[in-house]
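Below is one structure, written out as structure tokens; comments come after it.
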Amino acid sequence: MRTVTIDAITEKLKNTPSSILEKIWGYADALLENNELTYMLTEEQKGHLLKQNDVPLNQCMDAEEVYQQVKQKYEL
């Protein structure tokens, strides 16, 4: 894995338009402000996730199949 340094970031962004740099600046601010993710699940959500472990495989649908059905249904 490559180590990311300020120099590497500077080199990568040296020809980037200012409109993109502004977005990156905002993203960096957001990351620095929220350096700890705090997701809290309700007990109901936790229970629902745990129940999913007990669903037999033959009752599950392939994600690609679901995606194709949604595309067809909503004419996407």
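Every heavy atom of this structure was used, including side-chain atoms; hydrogens, water molecules and symmetry mates were not.
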For residues 8-24, which side-chain N or O atoms pair as donor and acceptor with protein atoms under 3.5 Å away, sequence neighbours left out?
residue, atom, partner, partner atom, Å
Thr10, OG1, Ile6, O, 2.8
Glu11, OE2, Lys14, NZ, 2.8
Thr16, OG1, Leu13, O, 3.1

Inset, instruction - Check the surroundings of atom CD in Gln52: do more than 12 heavy atoms from other residues, nucleotides or ligands lie under 6.0 Å from it? - result: yes
Legend entry - For Leu41 against Lys46, the heavy-atom pair lying closest together: O-CE, 3.5 Å
Inset, instruction - For residues Gln68 and Lys71, determine if any side-chain heavy atom of one lies less than 4.5 Å from a side-chain heavy atom of the other. - result: yes
Inset, instruction - Give a yes or no on whether Val70 and Met61 share a hydrophobic cluster (residues Ile, Leu, Val, Met, Phe, Trp, Tyr; joining criterion: side-chain heavy atoms under 4.5 Å apart). - result: yes
Inset, instruction - Starting at CG of Leu76, measure out to OH of Tyr67 and round the result to the nearest 0.5 Å. - result: 7.5 Å
Inset, instruction - Taking all non-hydrogen atoms of both residues into account, name the closest pair between Gln45 and Met40 and its distance. - result: OE1-O, 4.2 Å
Inset, instruction - Tell me, yes or no, whether the heavy-atom count around Glu75 atom CD, taken from other residues, nucleotides or ligands under 6.0 Å, exceeds 12. - result: no
Legend entry - Atom CD of Glu44 with >12 non-hydrogen neighbours under 6.0 angstrom: no
